[in-house]
Amino acid sequence: MAWGRSVPPLLLSLPFLKRSAHNMSAQAVRVRFAPSPTGPLHMGGVRTALYNYLFARKHQGSFVLRIEDTDQTRYVPGAEEYIQEALSWCGIAPDEGPQKGGDYGPYRQSERKHLYRQYADQLVEAGYAYYAFDTSEELEEMRSMAKKAGTPNWQYNHVTRGRMKNSLTLAASDTEKRINDGDPYVIRIKLPRNEEVKFYDIVRGWVRVNTNNMDDKVLFKGDGMPTYHLANIVDDHLMGITHVIRGEEWLPSAPLHIMLYRYLGWEESRPSMAHLPLLLKPDGNGKLSKRDGDRLGFPVFPLEWKTPANDEVFSGYREQGYLPEAFLNMLAFLGWNPGTEQEIFSKQELIDAFSLEKVNKAGARYDHDKTRWFNQQYLRQQPLPVLADQLRQEAQSQGYDLTEQKAQQMTELLLDRAVFPSDLLKEGQFLLEPPETYDEKTTRKKWNSQARQHIENLRERFAQLDAFEASLLEERFKTYLQEQETGFGKVGPGLRLALTGKGMGPSLFAIMAILGKPETLARLDKALEKLPAHG
RNA sequence: GGCCCCUUCGUCUAUCGGUUAGGACGCCAGGUUUUCAUCCUGGAAACAGGAGUUCGAUUCUCCUAGGGGCUGCCA
């Protein structure tokens with residue numbers, strides 16, 4: 001088993017496992033990510049896409065994007081574009097999909113509409129499905145009545161279908177008449193009574209469910225579209241999908257899908273299944289949802305999203321300055337672990353290390369601090385010139401003109417205290433313009449007549465220097481301290497305050513070197529002028 | 001409620017019957033640094049509970065508890 005959890009040897013004799021094993025060696029891996037375009041893709045969806053992508057790459061297979069838009073009432077403009085853009089930003093764009101094309105298209109289910117009906121008909125003819133004429137209202141009433149009677153989970157199944165309006169209870173002529181008259185109807189699967197459905201899930205092992213606990217799900221809707229259940233089986237089959245890797249929320253309907261493969265006669269080529277653990281919210285209970293981000297102060301979406309209906313804005317990792325590689329690395333580790341102690345993985349390293357067997361079973365709680373840490377790590381790995389160039393552009397957009405050299409110096413100076421690229425400018429603002437105000441607390445504690453005198457003295461000394469570079473400045477500064485028989489703590493804070501207006505920050509000598517002589521002297525003059533001499 | 005899935009430090013996780021239960025984030029302490037950040041060193045911190053199988057269970061089985069998902073003519 002290249003990618004099964006350990007399976008008892010005996011079970012290998014089961015026909016479909018043999019088939020699987022055969023599949024794996026002979027058939028090219030094809031996986032799909034199948035979101036429905038009902039809104040932006042959130043990070044849980046991105047992770048599902050990522051695992052599909054990694055699995056495909058690992059096995060030299062194909063990663064397919066399929067848009068599951070069989071519910072026309074839930075269409076949200078821009079959602080599909082968002083999905084594609086999000087995947088591209090993350091660096092996991094599909095090999096086949098609505099944008100890219102491919103040999104198995106079309107890749108939108110709405111454009112595949114004509115394909116599904118024949119399979120629904122096939123099932124009806126084979127006796128595995130039936131027409132049902134019950135209206136939504138009638139079903140609603142059945143459910144609420146059952147609920148009042150103490151049965152919260154009324155099901156349309158082998159017990160109840162005999163009392164409903166369907167082709168099993170109606171005379172054949174009646175059924176035919178209704179259909180010819182254009183009466184609305186759905187097609188439901190006809191599940192057997194008391195039969196065990198079992199399948200092997202790559203991350204969970206054997207899963208078994210009795211058909212008594214399943215219901216006769218609608219396969220084909222009144223509007224002429226298939227439901228997800230039918231469409232996903234038909235498409236996976238037609239598209240040659242070998243492995244279905246999806247979220248755990250699909251686990252309860254997996255047995256139904258198994259039955260569909262069987263009834264459609266496709267059991268021999270059924271894809272393997274892997275149900276991924278869910279992403280949980282950091283606080284409280286439940287899975288991560290789209291509102292958690294704004295509530296807890298982090299994005300849940302890869303890209304910013306503006307709801308078309310009301311212009312509500314949801315923040316995105318991209319816009320907040322996260323690097324896609326960091327985002328991806330973080331996501332990969334939410335529910336998967338290579339078993340080594342390495343945590344920083346390039347995309348290629350993730351591909352090489354990834355396996356579904358190492359995917360965890362339990363849901364993973366999202367930790368924003370860790371995400372920030374990943375970003376910090378990746379930020380430092382960026383080439384200096386690239387960061388400097390970004391800084392320069394950002395500074396420019398805010399009206400500062402930066403030389404390449406100065407941008408580079410600033411980047412070097414500030415990278416250690418940055419988590420986001422934008423921190424470089426934020427933390428280095430004082431290098432671009434003189435302070436307007438001086439930190440109140442530092443002024444009160446460190447700025448006295450003595451400190452003032454030191455600044456005056458230093459100003460004179462610095463004015464004598466020709467080469468304004470850090471090492472020289474430091475040397476002169478220390479010489480001065482020795483002459484004065486005083487310590488760094490008596491002079492340094494005042495100097496920093498005068499130069500930057502702040503009580504803390506990077507090396508003073510590097511700061512002065514970057515500012516240059518005229519600016520340094522000007523700032524010292526300004527501070528001497530503006531700051532009162534107290535104490 | 002029913003069905004299914006899950007359960008190791010606060011969080012993400014390693015352990016595929018025998019370990020002082022390891023790492024990372026976060027937290028705390030110390031060191032480096034004029035300060036902040038970085039960096040280095042150290043620390044606190046976990047196998048949900050109970051039975052069983054076994055010479056031996058965090059690891060296998062069962063039960064309990066807790067958590068999660070599903071329970072639509074949504075995906």
Side-chain angles (χ1 to χ4, degrees), chain A residues 5-6 34-38 68-71 73-74 109 132 134-136 139-140 143 147 150-156 184-188 201 203-205 207-210 212-215 217-223 225-229 231-232 246-255 275 277-278 280 282 285-287 330 333-344 357-358 360-374 376 380 414-419 423 427 442 446 477 481 487-496 502-509:
Chain A
R5 272 191 198 278
S6 55
S36 91
T38 54
E68 309 234 320
D69 55 351
T70 51
D71 186 356
T73 64
R74 296 216 306 162
Q109 289 185 329
D134 320 273
T135 65
S136 301
L139 291 171
E140 190 62 40
R143 290 199 180 91
K147 200 165 188 173
T151 316
N153 60 327
W154 182 84
Q155 294 191 138
Y156 205 119
Y185 65 89
V186 301
I187 296 176
R188 287 180 182 273
D201 185 289
V203 338
R204 279 151 215 289
V207 175
R208 51 197 90 211
V209 180
N210 191 293
N212 287 350
N213 295 316
M214 299 167 61
D215 61 351
K217 284 266 182 278
V218 171
L219 302 177
F220 204 82
K221 301 188 277 186
D223 66 0
M225 285 291 256
T227 60
Y228 166 82
H229 301 297
N232 119 82
R246 76 238 287 195
E248 191 188 347
E249 69 268 30
W250 295 110
L251 197 50
S253 54
H275 288 91
L278 263 19
L280 273 21
N285 314 316
K287 61 175 174 176
M330 175 278 293
F333 270 74
L334 238 36
W336 170 84
N337 186 293
T340 65
E341 295 193 343
Q342 183 184 348
E343 297 224 52
I344 303 293
E357 292 72 42
K358 286 205 161 289
N360 269 81
K361 293 196 244 282
R365 213 160 235 135
Y366 174 71
D367 180 359
H368 192 54
D369 281 331
K370 190 110 184 204
T371 307
R372 287 176 53 90
W373 177 79
F374 270 114
Q376 187 184 40
R380 290 180 193 184
L414 298 162
L415 192 55
D416 274 349
R417 56 208 80 209
V419 173
D423 288 342
E427 297 294 318
T442 310
K446 301 288 183 183
F477 184 83
L481 290 183
F488 214 128
K490 297 284 185 202
V491 188
L495 182 57
R496 178 183 303 285
K502 294 169 184 291
M504 60 186 83
S507 161
L508 281 169
F509 313 108

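Below, chain A is the first sequence line, B the second, and so on; all start at residue 1.
Regarding contacts with the backbone of A75(B), a side-chain N or O of Thr70(A) is found under 4.0 angstrom from either OP1 or OP2. Residue Asn360(A) places at least one side-chain N or O closer than 4.0 Å to OP1 or OP2 of A14(B). Residue Arg188(A) places at least one side-chain N or O closer than 4.0 Å to OP1 or OP2 of C73(B). For Lys221(A) and C74(B), the shortest distance from a side-chain N or O to OP1 or OP2 is below 4.0 Å. Proximity of Arg143(A) to the phosphate of C73(B): a side-chain N or O atom is located under 4.0 Å from OP1 or OP2. Taking 4.0 angstrom as the limit, Lys287(A) places none of its side-chain polar atoms (N or O) nearer than this to OP1 or OP2 of C5(B).
If you check every strand for non-hydrogen atoms under 4.0 Å, Leu495(A) touches nothing. When heavy atoms are screened at a 4.0 angstrom cut-off, Phe333(A) is found touching the sugar-phosphate backbone but no base atom. In this structure, Asp134(A) reaches the bases: a heavy-atom distance under 4.0 Å links it to at least one base atom across the strands shown. Residue contacts for Val186(A): at a heavy-atom cut-off of 4.0 Å it reaches a base atom on one of the strands shown. Pro506(A) comes within 4.0 angstrom of a base, heavy atoms only. Among the atoms of the strands shown, base atoms are found under 4.0 Å from some heavy atom of Ser507(A).
You'll find that the side chain of Val218(A) is closest to C73(B), out of U34(B), C73(B), G69(B). Minimum atom distance to the side chain of Pro152(A) is reached by G1(B), of the listed A75(B), G22(B), G1(B). The listed nucleotides are C5(B), G26(B), U38(B); the one nearest the side chain of Asp416(A) is U38(B). Side-chain proximity of Pro493(A) to the nucleotides U11(B), A75(B), U34(B) is greatest for U34(B). Taking only side-chain atoms of Lys370(A), from C-beta outward, the nucleotide of U34(B), C3(B), A24(B) with the closest atom is A24(B). Checked against C25(B), U38(B), A75(B), the side chain of Trp250(A) finds its nearest nucleotide in A75(B). With A75(B), G10(B), G69(B) as the candidates, the nucleotide lying closest to the side chain of Leu278(A) is G69(B). When distances run from any side-chain atom of Tyr228(A) to the nucleotides A75(B), G68(B), G10(B), the shortest one goes to A75(B).
A salt bridge links Glu343(A) to Lys370(A): at least one charged side-chain nitrogen sits closer than 4.0 Å to a carboxylate oxygen.
Residues Leu334(A) and Asp369(A) each lie close to RNA chain B; by heavy-atom proximity, the contact nearer the 5' end of the strand is made by Leu334(A). The residue among Gln155(A) and Asp69(A) whose nearest nucleotide of RNA chain B is located toward the 5' end is Gln155(A).
With hydrogens and angles ignored, a donor-acceptor pair under 3.5 angstrom links the side chain of Arg74(A) to the base of C74(B). Donor-acceptor pairing under 3.5 Å, judged by distance alone, is present between the side chain of Asn153(A) and the base of G1(B). Remark: the Arg496(A) side chain and the U34(B) base include a donor-acceptor N/O pair separated by less than 3.5 Å.
Residue side chain Phe488(A) meets the stacking definition with respect to U34(B): its ring centre sits within less than 5.5 angstrom of the base's six-membered ring centre, and the planes differ by less than 30 degrees.
Pair assignment for G1(B) gives U71(B), based on Watson-Crick or G-U wobble hydrogen-bonding distances that are each under 3.5 Å. Across all strands shown, U7(B) is found opposite A65(B) as a Watson-Crick or G-U wobble partner, with both distances under 3.5 Å. Of all nucleotides present, none satisfies the Watson-Crick or G-U wobble test against U58(B) with each distance under 3.5 Å. Remark: G30(B) base-pairs with C40(B); criterion is Watson-Crick or G-U wobble with both hydrogen-bond distances under 3.5 Å. Figure legend. A14(B) is base-paired to no nucleotide; pairs are counted as Watson-Crick or G-U wobble with both atom distances under 3.5 Å.
A centroid separation of 6.0 Å or more is found between the aromatic rings of Phe220(A) and Tyr185(A).
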